[in-house]
Amino acid sequence: MKALQNVDRRIIYLLVFLALAIPMLQPIGLPFGINESSQKVYDLVDALKPGDVLVLSFDYSPSGQAQLDPQARAVMKHAYSKEGVKIINVAFWASGPLFADKFLGEMEGTHDKVYGDDYVSLGYVAGGETAISAFGKDMHLAYPRDRHGNSIADIPMMKNIKSAADVDLMISFGTGTPGTPEHVRQIVTVYGTPFAVCMNSVSVAGNIPYYNAGQMKGYLNGLRGAAEYEMMMKEPGSATASMDSLSFSHLTVIIFILIGNIAYFADPDRKKK
Amino acid sequence: MIGTWLAAIGTLGLMSFAIKENPFYRFVEHVYVGIGTAHSVVMGWESLQTKAITPISESGDYIKLIPLLVGLLLYARFFKGQMWLSRYPLAILVGIGTGLTIKGTIGAQIVNQVRATLIPFTSINNIIIVLGVLTVLMFFYFTRKNTNPLFNTSSRIGRYVMMIAFGALFGNAVMGRMSLMIGRVQFLLGDWLGLLG
């Protein structure tokens, strides 16, 4: 039992690595269900009609890429396939525009949206919560120019879009601050804009109260959320492919938690300690 | 191709920390922090350029000189004897930040959250939410020592409710960390080694 209590952490790392890598090389295709919160995000995007305005806010950094990239890729693909929907890409994190640009580049030629008429990239604005508030109040003042240096006043689709009150749905891809609480405080509470979040798993527990209170209409939970979205779109991608790895890695962690607890409670010297 | 190899070497360098701390890991860590900082500076400058410098120089929007100058005062802290000047922009930043946050917090994080807890006992979920909130609040009641058995029982239940919440938090944290690792393993096996179909 003493040996079980002192397993070398490198052995655990190796086993976790194998639990992740082997299912990638030999996929099994374990089934997984669709959570209600993910279904709601899909339904919100799917319900957008021609002329509706969607804001996609990229509020994450490279450290969140593993979970947020597949989510953003799936949601963007869905949103850009919706005819007549006007899309505004913004970022309140300095690295945000990189991701928006990357996905727009990947999707080039796969949709019929025209820059300036159907979608626009406004880039990054510094200031965190203050910037979110300014964006909600007057987009033209917060972003006098788009990411390519064009005056926002000259962009056709922005002529009738002034504030968050003109937005039909806002989706934030976020991993931290500024993120969900800031958007809820400055956009949802003030303008009543329908809001959904695609977030990393660590943030879910902290943000669930906003979902229960109806301030957040739906959310995607990490890689699992991305896989669910891919399945709802009937286009399995990298997130769906990694679900086996995720399940086996969880199993490994659960086994080690059980072993650790058994070793602890079976230790006769436990009470002396 | 070169980018993929650099990213793979960087990934292996950071992963080598799992064995033990080593110079390779430290080198990659410093490169990562350096690149991150450089990128933030560039994006900050771009934001400044599009929001202030270009409107001032091209459109004559001179009113934007005021926030620009107030912002520059932050650097006064580097000059001995002039440090007091940096307190003004700080005071403005803290004031605006506090004002904005308080305004939003009352509605978003107090009124709406309380309203979401005032729900009828029509489902198991609702019962758990209401009792969970009440018992956790009882746990944090420290005003005076209470020997009432009902109070102590609810306080104990509150402790278990929090432990369940922390368990859920930990579970999500594990899922998040595993997802990060999956991203890297997918990159190493797929993009770098080409082993994934």
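Small disclaimer: the values here were computed from a predicted structure and weren't measured. Just so it is clear: chains get the letters A, B, ... in the order the sequence lines come, proteins before strands, and each one is counted from 1.
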Taking every heavy atom of B:L180 against every heavy atom of A:S63, the minimum-distance pair comes out as CD2-O, 3.2 Å
For B:I19, which atoms come within 4.5 Å of any heavy atom of chain A: side chain, backbone, both, or neither? both
Can you say whether B:T101 sits under 4.5 Å from chain A via the side chain, the backbone, both, or neither, judging by heavy atoms? both
In short, A:P62 meets B:Y32 closest at the heavy-atom pair CB-OH, 4.3 Å
Side chain A:R10, main chain B:K20, donor-acceptor under 3.5 Å: no
Heavy-atom side-chain contact between B:T50 and A:R147 under 4.5 Å: no
What are the two closest non-hydrogen atoms of A:S201 and B:G176, and how far apart are they? CB-N, 3.7 Å
Whatever's closer than 4.5 Å to a heavy atom in chain A on B:L195 counts as both
Closest approach of B:K51 and A:P144, non-hydrogen atoms and distance? CG-CD, 3.9 Å
If we ignore hydrogens and angles and just use 3.5 Å, is the side chain of A:Q215 paired with the main-chain N or O of B:A108 as donor and acceptor? yes
Can you find a pair of side-chain heavy atoms, one from B:Q186 and one from A:L20, that are under 4.5 Å apart? no
Backbone N/O of B:G104 and side chain of A:T189: donor-acceptor pair under 3.5 Å: no
Within 6.0 Å of CZ in B:F24, more than 12 heavy atoms from elsewhere: yes
Measuring from atom OG of A:S242 to atom CE of B:M178, what distance do you get when rounded to the nearest 0.5 angstrom? 13.0 Å
I'd like to know if B:E46 and A:R145 make a salt bridge, using a cut-off of under 4.0 Å between side-chain N and carboxylate O. no
